[in-house]
Amino acid sequence: MAFNGHQRDDEGIDEDETPTKQPRSDKEKPSDEASASAGRAASDRRTSNSTARLRSDSVKKTRPPFPWFGMDIGGTLVKLVYFEPKDITAEEEQEEVENLKSIRRYLTSNIAYGKTGIRDVHLELPDLTLCGRTGNLHFIRFPTHDLPVFLQMVRNKHFSSLHTALCATGGGAYKFESDFRKMADLQLHKLDELDCLIRGVLYIDSVVSSGPSECYYFENPTDPDLCAQKPYTLENPYPLLLVNIGSGVSILAVYSENNYKRVTGTSLGGGTFLGLCCLLTGCSTFEEALEMASQGESTRVDKLVRDIYGGDYERFGLPGWAVASSFGNMMSREKRESVSKEDLARATLVTITNNIGSITRMCALNENIERVVFVGNFLRVNTLSMKLLAYAMDYWSKGQLKALFLQHEGYFGAVGALLELLHPS
Amino acid sequence: MAECVRLDSSTSTHTMDKSITLPPDEIFRNLENAKRFAIDIGGSLTKLAYYSTVQHKVAKVRSFDHSAKEASSDKLYEISVQEEVTARLHFIKFENAYIETCLDFIRDHLVNTETKVIKATGGGAHKFKELIERKLGLKVDKEDEMTCLIKGCNFVLRNIPHEAFVYAKHADSEFRFQTTQPDIFPYLLVNIGSGVSIVKVESEDKFERIGGSSIGGGTFWGLGALLTKTKRFDELLQLASKGQHTSVDMLVKDIYGGSYGSLGLTGDLIASSFGKSATANKEFSQEDMAKSLLHMISNDIGQLACLYAKLHNLSRVYFGGFFIRGHPVTMHTITYSINFFTKGEVQALFLRHEGYLGAIGAFLKGAEEDNPNQYSWGENYAGSSGLMSVSPEMNPMQRARSGTFDMLEMDRLERKLVNLPLLQDPSSYIPDTVDLIEDALAREYWLYCFEDALDGVVKRAVASQPDMPEAAERAEKFRQKYRHKLQTLRQQPFAYGSLTVRSLLDTREHCLNEFNFPDPYSKIKQKENDMALKYYQKAVKSLDELSWEERQFALVRGVLAGNVFDWGAKAVSDVLESDPEFGFAQAKQQLEERPWLIDSFDRWFERLKGPPHRCALFFVDNSGVDIILGVMPFVRELLSRGTEVVLASNSGPALNDVTNGELQILTERIAAMDPVIQAGLSEDRLTLVQSGSSSPCLDLSRLDKVLANVVRERKTDLVIIEGMGRAIHTNYYAMLSCESLKMAVIKNSWLADRLGGKLFSVVFKYEVPDGQPSQDSAAS
């Protein structure tokens with residue numbers, strides 16, 4: 001994602017404006033060598049600035065200054081949530097520094113940032129009250145490999161001068177900590193990703209009241225004709241199994257907000273799906289891979305029970321349509337030559353999804369938990385996988401297990417990080 | 001028992017056999033007598049099982065009629081070689097490409113088959129059904145694959161000691177064999193074929209497929225063929241073993257920059273398989289992709305296996321199927337995965353004969369009327385090709401040997417073998433003292449020693465059959481076969497399970513039998529017994545003249561001195577050639593003076609002052625001076641004390657060990673001279689039983705069921721084990737639940753050295769199990 005991609009006119013102005021409006025002299029303009037010392041100088045000034053502000057409003061005492069961000073830097077995607085205050089008073093407007101305004105304007109007036117950054121507008125939570133402020137919560141994502149571009153922009157916008165803590169979670173919070181410091185003069189407040197994930201899930205589920213229900217399930221998952229998405233109320237959520245499917249997969253057993261454990265995980269996750277699809281089909285994006293998968297037929301690639309036994313393997317209660325060997329047909333040269341890229345993409349999707357389903361089901365049995373919530377960006381625009389998971393849970397558990405999904409799929413870690421900023425635990 | 005000795009003439013050539021393609025008639029042994037067939041046709045290999053009878057020569061002894069007095073100056077008993085028919089199971093594994101040739105061969109050579117049906121299992125069974133029926137004129141009867149697999153698995157676990165092993169790639173010995181558990185159930189079998197089946201086995205007939213996965217060997221092969229230019233399974237594994245998965249997989253450290261400390265996830269852990277390949281414009285090496293694929297699949301299977309093991313509370317998990325089948329790479333990755341997911345609580349177990357399970361099971365299904373499970377079976381080391389590693393780096397023999405055929409033969413042992421009821425803990429009992437797989441130094445010595453002694457054994461074998469002109473030719477074949485086994489073992493010590501001195505000795509006996517040398521020592525034993533008997537009365541008389549105290553020591557020395565007599569041991573054979581009485585006296589002088597290397601004589605002596613034992617079980621060793629002048633007087637003393645005695649001797653011949661048949665005759669002859677022995681026999685206080693074994697060593701977990709019953713009925717409270725083979729090479733550390741006495745003279749300098757002694761050092765080990773009040777305190 002090219003944050004400095006000059007998508008809109010006003011951004012160009014931002015870029016030009018920043019140095020002049022910045023209470024910094026030109027000689028302090030950060031360069032790679034000077035950024036560290038420049039940062040220190042800037043933050044000294046900011047401290048006195050904010051003390052003055054805090055004195056003016058006691059309510060603000062417990063509240064961190066704007067902007068409010070939560071960030072989750074995963075193996076593949078960076079997830080960013082941004083709270084856009086809508087109740088800014090004229091007085092505040094006056095006081096607000098120019099680059100804060102520019103950040104707000106940039107984020108809220110665009111839905112795409114550079115080549116790869118995207119704001120999921122459909123997920124936006126309007127009129128949310130957070131820490132006594134009302135505003136909209138925005139959900140933004142971009143690939144982790146474009147993080148340097150993002151950092152460059154952060155630096156260009158002099159984010160560090162705003163002196164807000166940047167709460168970040170995910171492995172990247174650790175991996176890129178020094179990059180944030182060196183390139184953008186930002187000290188990250190690092191948070192555990194699973195803590196954030198759980199906090200985020202519970203929070204979002206509690207605040208979403210209007211619009212489509214946050215939590216939903218598939219009714220009649222075993223019947224393609226009657227299968228339908230239905231709202232679900234997570235009123236009394238515990239215990240629940242939380243399956244986070246990102247690049248890899250983590251499976252958590254959650255007994256209360258503060259009591260959870262990571263049961264296990266698997267390396268066969270979203271990254272595996274995309275990685276294998278890229279190798280097998282030459283595609284390069286998740287969307288492309290999913291599009292191909294939706295047009296393919298996995299049964300040409302997989303060896304089914306009926307391919308081996310001619311029908312059901314009754315002795316073991318295995319239905320003929322069940323996959324006996326994923327990619328099993330690809331052992332034969334003729335069959336390798338007869339499959340399409342779409343078939344391969346579909347088979348990859350089915351293989352990865354079913355495997356997650358299978359491991360999840362075993363964990364649910366071992367932990368004696370009946371409700372499973374699947375989250376993570378692998379499920380984004382991926383109804384195919386969600387329906388497969390719903391089906392697999394229902395079928396193999398004979399209706400005992402319920403697969404639940406959440407609208408904000410991959411953003412819970414970032415939301416958790418934002419909450420940590422507002423209410424440090 | 002005889003030890004191997006160095007012969008100066010030995011010039012062993014270590015040249016390896018060049019590529020031999022075994023002709024089918026050497027593969028399909030005893031085919032003409034085949035009674036029953038079963039076939040397991042897999043994706044690439046066919047496994048054929050048949051059951052046939054084997055006619056081979058056995059040595060029998062028969063007592064002369066000694067009521068006719070004139071016979072007394074003649075030989076003690078008559079030795080005859082008879083034909084005996086025993087049952088053997090043959091298993092052959094070959095590539096599917098050979099199936100037609102093999103079927104033709106079977107058709108041409110099948111003479112005596114009674115069956116009209118061939119049991120078939122495996123995925124390829126239906127494909128070849130028509131071919132088999134046409135070629136053999138037998139009806140193909142399909143059996144369920146999983147049922148066969150489980151049946152076969154139970155069979156090998158029960159009948160082949162050291163069938164299961166743990167694989168440890170970086171350990172000194174890659175293969176760590178497990179001791180046979182008295183109870184093999186319950187266990188989990190994870191069969192990794194194209195897909196994965198996870199089966200819980202609770203008893204012989206009760207098993208359930210509790211789960212599975214579609215990500216299996218077919219996924220590795222199928223995806224591997226798509227991702228690389230390599231289309232064959234074995235080659236894909238080869239590729240994988242050369243690759244680096246870290247260039248394709250996204251590791252924890254790729255996301256975190258290091259480890260994810262709070263969860264204990266190390267940086268090298270794979271976070272996302274193929275996570276780095278999610279880019280359109282980078283090339284990845286085939287090796288790296290194959291490796292990543294292998295890791296992905298192995299980890300996934302390992303994880304599921306662990307989840308199922310946990311859910312069903314099972315700790316024994318066996319892995320099989322073509323994905324495993326001896327491939328070190330897959331055994332390693334699966335083992336790694338299991339260790340990771342269970343934190344070492346569950347071990348991944350593999351089976352030596354895993355590839356035969358289906359064929360064995362199918363055979364057993366067809367042979368149920370023969371009650372194969374009522375017998376004990378033993379692997380025939382002469383006829384089996386042993387476990388071969390598939391990795392060419394590890395297995396330079398692979399190319400020398402025909403890579404096309406593998407064989408397993410199992411002999412039906414006519415007697416049911418069980419545990420000695422007096423073992424303290426049958427599940428942890430390990431007969432062998434030194435594991436030559438782990439102990440490379442000892443392995444090197446013993447393999448060298450056995451190879452070195454080969455000339456002597458060949459010579460003895462030829463000499464034992466002076467009237468048979470072709471004996472030399474057979475002996476030569478024996479030499480070749482045994483030498484080849486030794487060479488194989490040098491390359492793959494794990495080929496037959498645990499490699500031990502016992503297994504080397506047993507292999508030699510099997511090979512001798514194979515070439516119809518059933519008892520090369522029969523005449524020597526006869527002569528020795530004959531001569532020793534003449535001195536029995538004199539020996540007993542001189543013992544009786546001693547005071548009680550002196551006699552107790554003299555009896556022990558007598559057993560030990562008798563044990564010095566050993567035809568195999570070069571150091572003593574010269575003495576024996578001359579005068580046995582003189583020899584016996586000399587042997588006593590050769591003995592180490594007290595204190596012995598292991599010396600608990602004082603405690604034993606104290607114990608003898610106490611109440612007599614109820615019943616002593618005595619595992620005897622050599623014939624001649626050993627049994628007659630050493631053991632019998634000792635037995636006589638026990639009987640006089642009021643202790644019942646059970647004398648356990650080998651069922652079949654092994655070296656110069658006294659066999660049960662010989663001992664029967666000897667005891668009768670001694671009884672005729674000795675009223676104490678006579679009374680013991682007639683009052684049923686002295687009993688002769690066979691051990692069920694034909695080995696110079698002793699496995700207390702595989703003994704004749706009758707012996708076990710006698711031991712139990714008589715409330716045996718003392719076990720005496722005599723000789724190097726039984727008390728040092730095996731059972732040195734065996735823990736018994738009653739008092740035990742282990743007596744031996746070390747007749748091998750290398751071993752003596754190792755134990756910290758010297759040639760003719762004495763081991764006299766008297767043990768009382770923990771917690772049992774030592775009876776000598778009661779006596780004082």
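Below, all heavy atoms of this structure are taken into account, side chains as well, without hydrogens, waters or symmetry copies. By convention in this document, chain letters (A, B, ...) are assigned in the order of the sequence lines, proteins followed by strands, and residues within each chain are numbered from 1.
For Asn191(B) (side chain) and Gly321(B) (main-chain N/O), a donor-acceptor pair under 3.5 Å exists by modelled atom type.
Comment: Asp249(B) does not engage Lys276(B) in a salt bridge, judged by the lack of any side-chain N to carboxylate O separation of less than 4.0 angstrom. With salt bridges taken as basic N to acidic carboxylate O contacts below 4.0 Å, none links Arg306(A) and Asp312(A). Ion pairing between a basic and an acidic side chain is recognised when a charged N comes within 4.0 Å of a carboxylate O; Glu420(A) and Arg199(A) show such pairing. Ionic pairing of Glu342(A) and Arg346(A) is not present here: no N-O contact between side-chain nitrogen and carboxylate oxygen is shorter than 4.0 angstrom.
Residue contact with chain B, scored on non-hydrogen atoms closer than 4.5 Å, is absent for Phe273(A). At a 4.5 Å heavy-atom cutoff, Glu177(A) makes no contact with chain B through either its backbone or its side chain. Only the side chain of Glu367(A) comes within less than 4.5 Å of a heavy atom in chain B; its backbone stays farther off. For Asp144(B), the part lying near chain A is the side chain, with the backbone staying farther off; criterion is any non-hydrogen pair under 4.5 Å. Looking at Ser194(B), the atoms closer than 4.5 Å to chain A (heavy atoms on both sides) sit in the backbone and in the side chain alike.
Within residues 303-310 of chain B, the residues having any heavy atom under 4.5 Å from a heavy atom of chain A are, by residue number, Gln303(B), Leu304(B), Leu307(B), Tyr308(B), Lys310(B). Residues of residues 315-324 of chain A lying under 4.5 angstrom from chain B, judged on non-hydrogen atoms, are Arg315(A), Phe316(A), Leu318(A), Val323(A), Ala324(A) in numerical order.
Under the 30°/60° scheme for interplanar angles, the aromatic rings of Tyr174(A) and Tyr256(B) are found to be tilted.
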